[in-house]
Amino acid sequence: ELCKSLGLQAYRFSISWSRIFPNGCKEVNPAGLAYYNNLIDELLKVKIEPFVTIYHWDLPQKLQEEGGFTNRSCIEHYLEYCKTLFDAFGKKVKYWVTFNEPWVASILAYGTGMMAPGHYDYAEALLTAHHMLVAHGKAVELFRDSGIPGEIGIVLNLSPRKPAGTSKEDKKAAVINDGNNNRWFLDPLYKGSYPKDLEQFYRKKGIELPKILDGDMKTIQNKTDFLGINYYCVEFTKYDPGVWPLEFSLTTLHHPKTNNGFAITESGLTEMLLRLQKDYGADSIFVTENGASFLDVVTEKIEVPDEQRIDYLRRHIKACHDAVSLGVNLRGYFVWSLLDNFEWNTGFDNRFGLVYVDRQTCERIIKKSGYWYKNVISNNGINEI
């Protein structure tokens, strides 16, 4: 009902692997399937399209104890999970996402220790990324073979990586940053190979590259129906030899920031969308996440006047409009997020929602941005940007 009241046309959500297979494989939890079946039915009842993410970093503990996606056998467990979802919901769900932000679940999780399981091993990080990409490609094959109607794609967190200064060192650092995040995933998906400059960089650092089996790269290249982009900010990159192994750190320069420290740089969204079309031939794109955390306060009138978020969203929706005007086939836009949520590495510190959630009572209050966004939807953005 909340989604309906805001006029939402689609709702993107992630299924928890652990809810479906508590032990990772073999034994399905009927209550887990029933939970999502009910959610999907309720969305369809109010004419809201379910947009389902299969894997959003939520790995069953038993599989993690076996190495998670560092263990190639996890690919087969993932495919069993996918088949279960396709069989259960394939007649109702039209849009599927194989993986959300595999860079986070590989590089940040295994290379920098910033996300679970908090490892500091770049060889593990690259191996995890490779196995996730292979799993993605095999899931696309499985989806095609199943014959169910609908579309399938992958969601990557992408943004321009620019030098913070004019030095050669900063410029080189920005190239490494772009390769580590953007190209390490885009190149295999669209070009069938990992970026050579990054492979050379990792080898010089003594980092073992993942073992690639025959057919892996062809599998990764299996054509998807769309690419999802999660965009938050341009990353201004400065050379920092004290940061191993990538030798760079980030700054926001003179740009205003959100509460969680992201620079507000909407032009980077237009730039990234154009690059995806020009460099990779991406001809079907969704912005699957875009939003901002601010220090929201409930007034005595029980209102949340979040003007900063409205300004942020207006700027970024305008950036999408600019990309469309320049020929990008941008098919949809999702705000992160509907509700103030739990963030994986900052807990409840950051509020991204269009709807305020009282942490004590769980009361929901639609923020001013929520009402503004409702008008954007009803007018298709014409009068609001």
Side-chain angles (χ1 to χ4, degrees), residues 11-44 50-106 108-110 115-119 124-125 127-148 150-155 216 219-220 222 224 228 288 341-344:
Y11 179 63
R12 177 176 172 245
F13 65 93
S14 304
I15 291 180
S16 167
W17 188 341
S18 301
R19 262 185 170 159
I20 307 303
F21 287 99
N23 292 316
C25 58
K26 295 180 181 178
E27 294 184 21
V28 176
N29 174 26
L33 288 177
Y35 174 86
Y36 291 107
N37 196 51
N38 182 60
L39 171 59
I40 292 166
D41 284 346
E42 290 299 313
L43 289 168
L44 293 174
F51 207 97
V52 174
T53 299
I54 297 171
Y55 185 75
H56 193 150
W57 321 337
D58 182 7
L59 189 71
Q61 182 61 32
K62 186 173 182 181
L63 297 186
Q64 182 59 50
E65 290 168 0
E66 296 173 0
F69 274 100
T70 65
N71 187 336
R72 195 173 174 103
S73 66
C74 197
I75 296 173
E76 294 307 314
H77 297 317
Y78 172 77
L79 294 176
E80 179 189 13
Y81 167 49
C82 288
K83 185 178 187 305
T84 302
L85 299 186
F86 295 156
D87 289 345
F89 311 130
K91 293 180 180 179
K92 301 176 181 180
V93 173
K94 296 179 182 177
Y95 298 96
W96 298 89
V97 171
T98 57
F99 284 84
N100 177 75
E101 299 184 350
W103 177 81
V104 173
S106 57
L108 291 191
Y110 287 91
M115 303 293 267
H119 291 195
E124 279 190 344
L127 184 61
T128 297
H130 180 67
H131 287 164
M132 285 182 172
L133 287 171
V134 173
H136 153 77
K138 287 181 176 290
V140 172
E141 286 179 7
L142 181 66
F143 181 79
R144 304 281 185 237
D145 292 343
S146 72
I148 62 175
E151 300 184 23
I152 192 165
I154 190 170
V155 166
D216 276 1
T219 295
I220 293 170
N222 279 327
T224 56
T288 38
N341 62 305
F342 178 88
E343 290 285 324
W344 284 76

| remark: d(Glu80 CD, Cys25 SG) to nearest 0.5 Å is 5.5 Å
| query | Rounded to the nearest 0.5 Å, how far apart are CD of Glu101 and CD1 of Ile154? | reply | 11.0 Å
Under 3.5 Å, which donor-acceptor pairs link side chains of residues 26-33 to any protein atom two or more places apart or in another chain?
| unit_1 | atom_1 | unit_2 | atom_2 | d |
| --- | --- | --- | --- | --- |
| Asn29 | OD1 | Ala31 | N | 3.3 |
| Asn29 | ND2 | Arg19 | O | 3.0 |

| message | A side-chain contact here means heavy atoms from C-beta on lying under 4.5 Å apart; do Val97 and Ile54 qualify? | response | no
| query | Where is the tightest heavy-atom contact between Ala139 and Ile152, given as atom of each residue plus distance? | reply | O-CD1, 4.1 Å
| said: If you define the side chain from C-beta out and look only at heavy atoms, does anything of His119 sit under 4.5 Å from Thr70? | reply: no
| Between atom CZ of Phe143 and atom CG of Leu79, what is the distance when rounded to the nearest 0.5 Å? | 14.0 Å
| Glu141: side chain to side chain contact (heavy atoms under 4.5 Å, CB included) partners, not counting sequence neighbours | Thr219, Asn222
| remark: Here the pair of heavy atoms bringing Asn23 nearest to Lys62 is O-CD, 3.6 Å
| task | First locate atom OG1 of Thr53, then atom OH of Tyr95, and finally report the distance between them rounded to the nearest 0.5 Å. | result | 14.0 Å
| How about Phe86 and Trp96: are their ring centres within less than 6.0 Å of each other? | yes
| request: Quick one: sort the Tyr81 and Phe21 rings into parallel, tilted or perpendicular, breaks at 30° and 60°. | output: perpendicular
| Candidate pair Phe51 and Thr288, rule side chain to side chain contact (heavy atoms under 4.5 Å, CB included), full reasoning | CA-CA 10 Å; Phe51 207 97; Thr288 38; 4.2 Å; yes
| message | Checking Thr224 now: which residues fulfil side chain to side chain contact (heavy atoms under 4.5 Å, CB included) with it, not counting sequence neighbours? | response | His136, Val140
| said: Rounded to the nearest 0.5 Å, what separates atom CE in Met132 from atom CG in Leu127? | reply: 10.5 Å
| request: With the side chain counted from C-beta on, respond yes when Ser18 and Gln61 share a heavy-atom pair under 4.5 Å apart, and no when they do not. | output: no
| task | Using the test side chain to side chain contact (heavy atoms under 4.5 Å, CB included), find all partners of Ser146 that sit at least two apart in sequence or belong to another chain. | result | Ile148
| query | So, Asp216 and Arg72, do they make that salt bridge, N to O below 4.0 Å? | reply | yes
| request: With the side chain counted from C-beta on, respond yes when Thr98 and Tyr55 share a heavy-atom pair under 4.5 Å apart, and no when they do not. | output: no
| field | Ring geometry between Tyr11 and Phe13 (parallel below 30°, tilted from 30 to 60°, perpendicular above 60°) | value | parallel
| said: Testing the 3.5 Å rule here: is there a donor-acceptor pair between the side chains of Ser16 and Asp58? | reply: yes
| Does any non-hydrogen side-chain atom of His56 lie less than 4.5 Å from one of Val155? | no
| remark: Heavy-atom nearest pair, Val93 first then Pro50, reads CG1-O, 4.1 Å
| Taking only residues two or more places apart in sequence, or in another chain, which ones meet Lys83 in a salt bridge (charged side-chain N to carboxylate O under 4.0 Å, His left out)? | Asp87
| task | Provide the closest heavy-atom pair for Pro102 versus Ser106 in the form atom of the first, atom of the second, distance. | result | O-OG, 2.7 Å
| field | Distance (rounded to the nearest 0.5 Å) between Lys94 NZ and Leu44 CG | value | 8.5 Å
| request: Could I get the full list of side chain to side chain contact (heavy atoms under 4.5 Å, CB included) partners for Cys74, not counting sequence neighbours? | output: Trp17, Leu59, Leu63, Phe69
